[in-house]
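I have placed the structure first, in the form of structure tokens, so that the comments after it can refer back to it.
Every heavy atom of this structure was used, including side-chain atoms; hydrogens, water molecules and symmetry mates were not. This one's a predicted model, so the numbers in the text were calculated from it and none came from an experiment. First listed ligand is number 1; within each ligand, the first listed atom is number 1.
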Amino acid sequence: MKPLTVNQLTVAYQRQAVLEDVSFSVPEGKLIGIIGPNGAGKSTLMKAILDLIPRVKGDISIYGKPYKQQRHLVGYVPQRGSVDWDFPTNALDVVLMGRYGHIGLWKRPRKEDVAVAMQCLEKVGMTSYAKRQISQLSGGQQQRVFLARALAQDASIYLMDEPFVGVDAATEKAIIELLNELKAKGKTVLVVHHDLQTVRDYFDWVLLLNKQVIAAGPTEEVFTYENLQKTYGGKLAFLSPQHVVR
Ligand SMILES: Nc1ncnc2c1ncn2[C@@H]1O[C@H](COP(=O)(O)OP(=O)(O)OP(=O)(O)O)[C@@H](O)[C@H]1O
């Protein structure tokens, strides 16, 4: 069964459709890039999958069932700008939030949950910041903490909204290694991504989106100059030939 199937999804804000008749399903155990220009509806698609916004029409299923029944299978790393960083909490507590599905909302975390959370912080190189207020971390460090939270959840599908924005080259490398580790464990990872030059290196599979699905499939079949032109219209920035499939 497919990890994620989206069928004829239409989403509108104030009656203006921002996603129109979007249908695709993704294979299991792949790194999947969601690619498209600003305003294409990429974040909206993630929010619709997470049931955070109403749909005009369409169905979405996670391993064959609605999100409501499968939320424990889905990990989400939000876009950094969308989070209220003044919320008074430290890095460890943020990561422990990823364990709520395991702990139960009203119970105190067990020792083993704290141990898992610490291991996840270690994986992203943030152990020494565990007790630091989240508002007192740099942007890239906050991003790492959110990745650790998703890891702590031990989900089957991960949705990540631009995890590489504002991080330095070392952090980008650390994140991509982590994504590859998740993939090696059979997890499915969907990543909203803007840097067209790294798409072929990073992703096995891509969804090209601009309000509608322009193309979806294995990167080496779908990530062509022609499809990119359809996706970006005249706004396609210069791309060297080695970065696209000919
Ligand atoms: N809460 C909202 N109310 C009204 N319009 C919205 C809202 N959120 C997003 N939109 C509009 O919906 C469209 C899609 O936005 P979305 O954030 O999904 O695009 P995106 O592909 O993620 O863009 P970006 O690459 O800039 O992050 C845009 O035209 C945006 O202005």
Side-chain angles (χ1 to χ4, degrees), residues 4-26 31-60 62 67 74-85 87 139-140 142-143 146-147 150 157-167 171-172 175-176 179 188-203 205-217 219 222-225 227-239 243-244:
L4 169 70
T5 300
V6 174
N7 191 22
Q8 297 196 310
L9 174 70
T10 296
V11 175
Y13 293 110
Q14 287 113 34
R15 297 187 173 190
Q16 182 85 29
V18 295
L19 289 174
E20 214 169 68
D21 245 334
V22 167
S23 298
F24 64 95
S25 53
V26 304
L31 295 187
I32 297 159
I34 300 180
I35 317 288
N38 291 135
K42 303 177 298 293
S43 299
T44 302
L45 174 63
M46 290 211 159
K47 288 178 191 155
I49 295 169
L50 295 159
D51 239 354
L52 294 172
I53 46 170
R55 314 171 197 154
V56 176
K57 71 177 182 79
D59 307 307
I60 301 174
I62 311 284
Y67 174 75
V74 185
Y76 177 45
V77 179
Q79 211 172 23
R80 199 143 51 79
S82 68
V83 178
D84 175 10
W85 296 108
F87 192 70
Q142 291 169 343
Q143 195 68 18
F146 266 77
L147 273 167
I157 304 179
Y158 288 95
L159 303 177
M160 305 192 179
D161 203 344
E162 302 194 37
F164 300 114
V165 166
V167 303
T171 300
E172 174 150 346
I175 294 175
I176 199 73
L179 300 191
T188 306
V189 188
L190 285 89
V191 180
V192 172
H193 190 63
H194 271 293
D195 178 12
L196 299 179
Q197 308 201 13
T198 48
V199 170
R200 284 183 84 185
D201 287 340
Y202 289 179
F203 301 109
W205 209 91
V206 287
L207 172 71
L208 297 178
L209 187 72
N210 193 350
K211 200 169 161 189
Q212 301 175 322
V213 175
I214 308 297
T219 312
V222 162
F223 198 67
T224 61
Y225 193 76
N227 279 337
L228 282 168
Q229 261 190 330
K230 281 191 207 154
T231 310
Y232 286 84
K235 289 177 284 185
L236 185 58
F238 176 76
L239 254 188
H243 295 130
V244 288

Does any N or O in the side chain of T198 come within less than 3.5 Å of the main-chain N or O of D201, such that one atom is a donor and the other an acceptor? no
Tell me which one of T10, L209, V213 satisfies side-chain contact (heavy atoms from CB on, under 4.5 Å) with L19. L209
Which residues satisfy the side-chain contact (heavy atoms from CB on, under 4.5 Å) test with S43, sequence neighbours excluded? Q79, D161
Mind checking what makes side-chain contact (heavy atoms from CB on, under 4.5 Å) contact with A48, not counting sequence neighbours? L9, V11, I53, I60
NZ (K47) and CZ (R55) are apart, to the nearest 0.5 Å, by 15.0 Å
Close N/O pairs between ligand 1 and protein, under 3.5 Å:
unit_1	atom_1	unit_2	atom_2	d
ligand 1	18 (O)	T44	N	2.9
ligand 1	18 (O)	T44	OG1	2.5
ligand 1	19 (O)	G41	N	3.3
ligand 1	21 (O)	A40	N	3.1
ligand 1	21 (O)	G41	N	2.9
ligand 1	21 (O)	K42	N	2.9
ligand 1	21 (O)	K42	NZ	2.8
ligand 1	22 (O)	S43	N	2.9
ligand 1	22 (O)	S43	OG	2.9
ligand 1	23 (O)	G39	N	2.9
ligand 1	25 (O)	N38	ND2	3.1
ligand 1	25 (O)	K42	NZ	2.7
ligand 1	25 (O)	H194	NE2	3.0
ligand 1	26 (O)	N38	ND2	2.9
ligand 1	27 (O)	E162	OE2	3.4

Sequence neighbours excluded, which residues qualify as ring pair (Phe, Tyr, Trp, His ring centres under 6.0 Å) partners of F203? H193
